[in-house]
Trainee: 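Just dropping this structure here.
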Amino acid sequence: MNKNEIIERTAEHVKKKLSGEHTGHDWWHSYRVWKMAKHIAENENADSFIVELAALLHDIADWKLHDRDESTGPKMAKEWLEELGVDKDSIEKICDIIINVSFKGEKHKSLIKDMEGEIVQDADRLDAIGAIGIARAFTFGGHLGNLLHDPNVKPTKDKTIEEYKKMDATTINHFYEKLLLLKDRMNTKTAKNIAQERHKFMEDFLDRFFKEWEGEK
Ligand code: ADP
Ligand code: NI
């Protein structure tokens, strides 16, 4: 099987696996991360095969949805890639990326080692900001049963992993606890540029949100 076929087969596999997932990790999230990661990889001269497969498979079994077990995703990815006959070295690289891309609170240091991992992480983080990021946040917040906003609940800075996993805040606070921090956490130059514009869009949104909240607009 050539590399293109492997990528296409994997896309179909992920699409099937994630159908019925409606909380922000649906197939279309993986699709967007895949396309963005490919775009960045081409700009940065990285190994597109590794990047595309890791991007496609990065959320195959999200830890929040699988009894918080962080090893399910890499295991499922490994089994799938072995089935397709992908070489051991590539599988190891891809699984390593999947283990390390997820952002779990400010204090959790990233263990990403190479540019391919950095690119998948950038693409995943870019999908959490901008217009799509706003839409995803309110979808996920709704799924958690959170309020849009409560002026009496302040954002919690420097959350521990345990606090972060509790996810008991309002959706507006999620912007201050995570989304507005992401632009400074991009690894590649290509992603930094894209993040800049998406960040500005969220700032404008929040500015307007608070004005509407107080009946000023
Ligand atoms: P990723 O797939 O990028 O690793 P997460 O699993 O952390 O992201 O979250 C999936 C989506 O849900 C993201 O867009 C994220 O911003 C959003 N999200 C996560 N936690 C919350 C929350 N407590 N309130 C609102 N949105 C959230
Ligand atoms: Ni993701």
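Order of appearance sets the numbers: ligands from 1, and atoms from 1 within every ligand.
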Trainee: Just which atoms of ligand 1 are under 4.0 Å from any heavy atom in Leu179?
Mentor: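 It comes down to these atoms of ligand 1: 16 (O).
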Trainee: Relative to the heavy atoms of Arg136, which atoms of ligand 1 are at a distance of less than 4.0 Å?
Mentor: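 Those of ligand 1 that fall under 4.0 Å from Arg136 are 2 (O), 10 (C), 11 (C), 13 (C), 14 (O).
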Trainee: Would you say the ring centroid of Phe140 lies under 6.0 angstrom from that of His174?
Mentor: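 They do not qualify: ring centres at least 6.0 Å apart.
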Trainee: With a sphere of 6.0 Å drawn around CD of Glu82, does it hold more than 12 non-hydrogen atoms of other residues, nucleotides or ligands?
Mentor: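 More than 12 heavy atoms, drawn from other residues, nucleotides or ligands, come within 6.0 Å of this atom.
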Trainee: What distance separates Ile194 CD1 from Lys183 NZ, expressed to the nearest 0.5 Å?
Mentor: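 The CD1 atom of Ile194 sits 15.0 Å away from the NZ atom of Lys183.
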Trainee: For His29, is the nearest heavy atom under 4.0 Å from an atom of ligand 1?
Mentor: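 The answer is yes, since His29 has a heavy atom less than 4.0 Å from ligand 1.
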Trainee: To make sure I understand the geometry: which N, O or S atom in Asp124 is closest to the Ni ion (ligand 2)?
Mentor: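 Asp124's closest N, O or S atom to the Ni ion (ligand 2) is named OD1.
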Trainee: Please state whether the rings of Phe205 and Phe209 are parallel, tilted or perpendicular, taking 30° and 60° as the class boundaries.
Mentor: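 Aromatic pair Phe205/Phe209 classed tilted.
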Trainee: With nothing but distance in play, are any N or O atoms of Thr171 less than 3.5 Å from an N or O of ligand 1?
Mentor: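 Among all N and O atoms of Thr171, none is under 3.5 Å from an N or O of ligand 1.
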Trainee: Consider every N or O of Asp124 and every N or O of ligand 1, then say whether any pair is closer than 3.5 Å.
Mentor: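 For ligand 1, there is an N or O atom that lies under 3.5 Å from one belonging to Asp124.
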Trainee: Side chains of Asp124 and His29: is there a donor and an acceptor less than 3.5 Å apart?
Mentor: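 There is such a pair (donor and acceptor under 3.5 Å, judged by atom type) between the side chains of Asp124 and His29.
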Trainee: Output yes when Glu79 and Lys75 qualify as a salt bridge under the 4.0 Å nitrogen-oxygen rule, no when they do not.
Mentor: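 The answer is no: the pair does not qualify as a salt bridge.
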Trainee: With atom 20 (N) of ligand 1 as the reference point, say which of His174, Arg125, Gln121 has the nearest heavy atom.
Mentor: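 That would be His174.
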Trainee: Take Trp28 and Tyr31 through the ring-ring contact (aromatic ring centres under 6.0 Å, His included) test and state the conclusion after the steps.
Mentor: CA-CA 5 Å; Trp28 296 111; Tyr31 173 87; 5.1 Å; yes
Trainee: Thinking salt bridges, do Asp204 and Arg208 make one under a 4.0 Å N-O criterion?
Mentor: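 Here Asp204 does not pair with Arg208 in a salt bridge, since their nearest N and O are not under 4.0 Å apart.
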Trainee: Would you mind checking if Lys16 and Glu12 are paired as a salt bridge, meaning a charged N to carboxylate O distance below 4.0 Å?
Mentor: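 Judged by the 4.0 Å cut-off on N to carboxylate O distance, Glu12 and Lys16 do not form a salt bridge.
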Trainee: At under 4.0 Å between heavy atoms, which part of Val101 makes contact with ligand 1: side chain, backbone, both or neither?
Mentor: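 Near ligand 1, Val101 shows nothing, with every heavy atom at 4.0 Å or more.
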Trainee: Any idea which part of Leu144 is under 4.0 Å from ligand 1, heavy-atom wise: side chain, backbone, both or neither?
Mentor: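 For Leu144, only side-chain atoms sit under 4.0 Å from ligand 1.
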Trainee: Side chain or backbone of Asp59 under 4.0 Å from ligand 1, or both, or neither, by non-hydrogen atoms?
Mentor: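 Contact part for Asp59 vs ligand 1: side chain (C-beta onward).
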Trainee: Please could you name the atoms of ligand 1 that Lys178 approaches to less than 4.0 Å, counting only its heavy atoms?
Mentor: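 Here the atoms of ligand 1 in question are 5 (P), 7 (O), 8 (O).
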Trainee: Purely on distance, is any nitrogen or oxygen of Asp127 under 3.5 Å from one on ligand 1?
Mentor: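 No, no N or O pair falls under 3.5 Å.
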Trainee: If I take the Ni ion (ligand 2) as the centre, what angle separates the OD2 atom of Asp59 from the NE2 atom of His58? Nearest 10 degrees is fine.
Mentor: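 So the angle at the metal works out to 80°.
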